[in-house]
Amino acid sequence: MSFKESVKHFQTLVTSFHPVVVIDTVEEERVQGLIGAACKDMQMSVFEWSIAQGLMRSPDSPDNRWQNEYSPPGSKRGQALPKTSEPLDMLRHIQDLNVKAIYWLKDFAPHLKDSVVARQFREVTEQFSHHRSTLVISGSGNDLPAEIAHDAVHFDIKLPEPEELYNALSGVVRDLKGRVTVDLTPEDIRALVSALQGMTLSQTRKVVSYAALQDGRLDAEDVKQVLERKARVIHEEGLLDYFPPETNLAELGGFGGLKRWLSYAKVGFTPQARQYNLPAPKGILIVGIQGCGKSLAAKTIARQWNLPLLKLDAGRLYDKYVGESDKNFRRAVTMAETMAPCILWMDEIEKSMGQTSGEADGGLSRRLFGYFLTWLQEKSQEIFVVATANDLSAIPPELLRKGRFDEIFFVDLPEADERRDILTIHLSRRRQGLDAFDLDQLVAATEGYSGAEIEQAVITAHYHALYENCPADTPLLLAEIKRTVPLSVTRREDIQRLRAMARERFVAAR
Ligand SMILES: Nc1ncnc2c1ncn2[C@@H]1O[C@H](COP(=O)(O)OP(=O)(O)OP(=O)(O)O)[C@@H](O)[C@H]1O
Ligand SMILES: [Mg+2]
């Protein structure tokens, strides 16, 4: 939803007699922008309240007499109405004012724990539901008492759009004029704005100022720094990990079937596909044996398509407060939407959307699953979902039905030529000339080994060589391989069961 559409949506809520709108954000600057734009259009008064300032007519209110073109800079401030800092006094004041307006109450939710305040609040909303005034509550973690939640509607404030980010960037450049050298081509600016997507305006200002002040220059070099900073910011938000395409070096051996599918699915993202009314690919599910490269495949897809990768952390999704998880998931999805086109990677999907926890958590994972299915079905943004799973029996069958994902791939243990690929990748990564190794012998010795097990054998053999101060060679590697008992032996039954279930139903990833 663009900013304009958000404003329109907000206006519709106000005109359709919604007395309470809750906006979950600490970015007051953006709430102010939204309310300001909405009210200017509707010629409606705006009041704002905080416990520190009390109630005042907002500087952005269309009828604010402090706001006119002759006012000197800095004088664009309202004056609080006397005795309105206390929540109860403020609510009584609003009731008496009887002015049709938007009343923006900052960080107000915690005050509603007081039963007298909550009662007074309800009396005001009762009055408002007849005359198109609205109370807007902003802040984070807005838990409302049930009797008030009933009347409240949640409004999602979207992350800034490229245009807003561009304006914030220009603002920083203006502020830093004279202190830093700005050397940006239009192309660099585009790259910088796209790197900033997914951040809030205040994060944007901080990150850009830091990058510029650090070396006294703002130039193409800073795009990388912004991307790194963004990865950290997104991680600190707690739900997603971000892998920029610039730092993604994933290399996947084998997976011929998947690679072929990817190269032809890519046309689904082109303008020609849109001309034929073809939808962009939605996503795939990769099911398979542990350590065989499912997670690596997700990274490889992002690399192959040169798209940013967002990994959803299923564990962190389940906040300790039940009920928050839905919100967390929506937040993660919103973040992905602002960064589209991108890959949303849901690793071990059975853990977040699985059936096992269904009853234990009061149906939460079921609800989340329902939300996810709807989102997957209806999403219009170019977000390609890559879901991975080990345990087929824990995945709700609805997710496996045709049409949910574009394709479901099954990953089995690597065959001979794939093991050759995997050995080549991992030996080359350790700066080894391949001629020194008898690959045929190594390929034969690793039958039944997963990619992870092969990699581990290569690593351990190299430690050994370093320690003994001898070359890492074929006999050393063979000895290491023999020492490893692969999962295909220790968990033979599990693997056979998974194979039997998956082989006949899904496409081979290899
Ligand atoms: N096909 C492959 N090509 C190259 N490396 C591989 C391959 N398969 C596995 N590996 C190596 O093994 C490591 C583990 O693989 P990965 O984490 O992708 O497996 P997974 O299938 O996701 O396992 P799990 O089910 O335990 O999550 C990778 O980081 C990679 O180094
Ligand atoms: Mg994995």
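Each ligand, and each atom within it, is numbered from 1 in the order the structure gives. Just so you know, these numbers come straight off a predicted model, no measurement behind them.
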Closest by any non-hydrogen atom to atom 2 (C) of ligand 1: pick that one out of Gly253, Gly451, Cys292, Gly293.
Gly253

Pick, from Gly254, Ala389, Ala452, Ala250, the option with the minimum heavy-atom distance to atom 14 (C) of ligand 1.
Ala452

Within the structure, does Gly291 bring an N/O atom to less than 3.5 angstrom of an N/O atom in ligand 1?
yes

Please report whether ligand 1 has a polar contact with His426, defined as an N or O pair separated by less than 3.5 Å (distance criterion only).
yes

So Trp261 and Phe409, would you call those rings parallel, tilted or perpendicular, with 30° and 60° as cut-offs?
perpendicular

Over 60° means perpendicular and under 30° means parallel, so tell me whether Trp305 and Phe269 are parallel, tilted or perpendicular.
perpendicular

For salt bridge (Lys or Arg N to Asp or Glu O under 4.0 Å), just list the numbers for Arg274 and Glu382, CA-CA rounded to whole Å, side-chain angles, deciding distance to a tenth of an Å, and then say yes or no.
CA-CA 12 Å; Arg274 293 300 93 73; Glu382 288 181 4; 3.3 Å; yes

Which is it for Lys294 and ligand 1 at heavy atoms under 4.0 Å: side chain, backbone, both or neither?
both

Ion pair [X]/[Y], N-O distance below 4.0 Å:
X	Y	value
Glu480	Arg483	yes
Arg260	Glu407	no
Glu29	Arg205	yes

I'd like to check which ligand 1 atoms, numbered from 1 as shown, lie under 4.0 Å from a non-hydrogen atom of [X].
X	result
Glu348	27 (O)
Ser295	17 (O), 18 (O), 20 (P), 22 (O), 27 (O)
Leu252	1 (N), 2 (C), 3 (N)
Glu251	4 (C)
Asn390	25 (O)
Ile422	1 (N), 2 (C), 3 (N)

Strictly under 2.8 Å, is any N, O or S atom of Ser295 next to the Mg ion (ligand 2)?
yes

May I ask you to identify the nearest protein heavy atom to atom 18 (O) of ligand 1, giving residue, atom name and distance to one decimal place in Å?
Leu296 N, 2.8 Å

Atom 13 (C) of ligand 1: which protein heavy atom is closest, and how many Å away?
Glu455 OE1, 3.5 Å

Ignoring hydrogens and angles, tell me if any N or O in the side chain of [X] forms a donor-acceptor pair with the backbone of [Y] under 3.5 Å.
X	Y	value
Asp188	Thr185	yes
Glu453	Gly291	no
Glu164	Glu161	yes

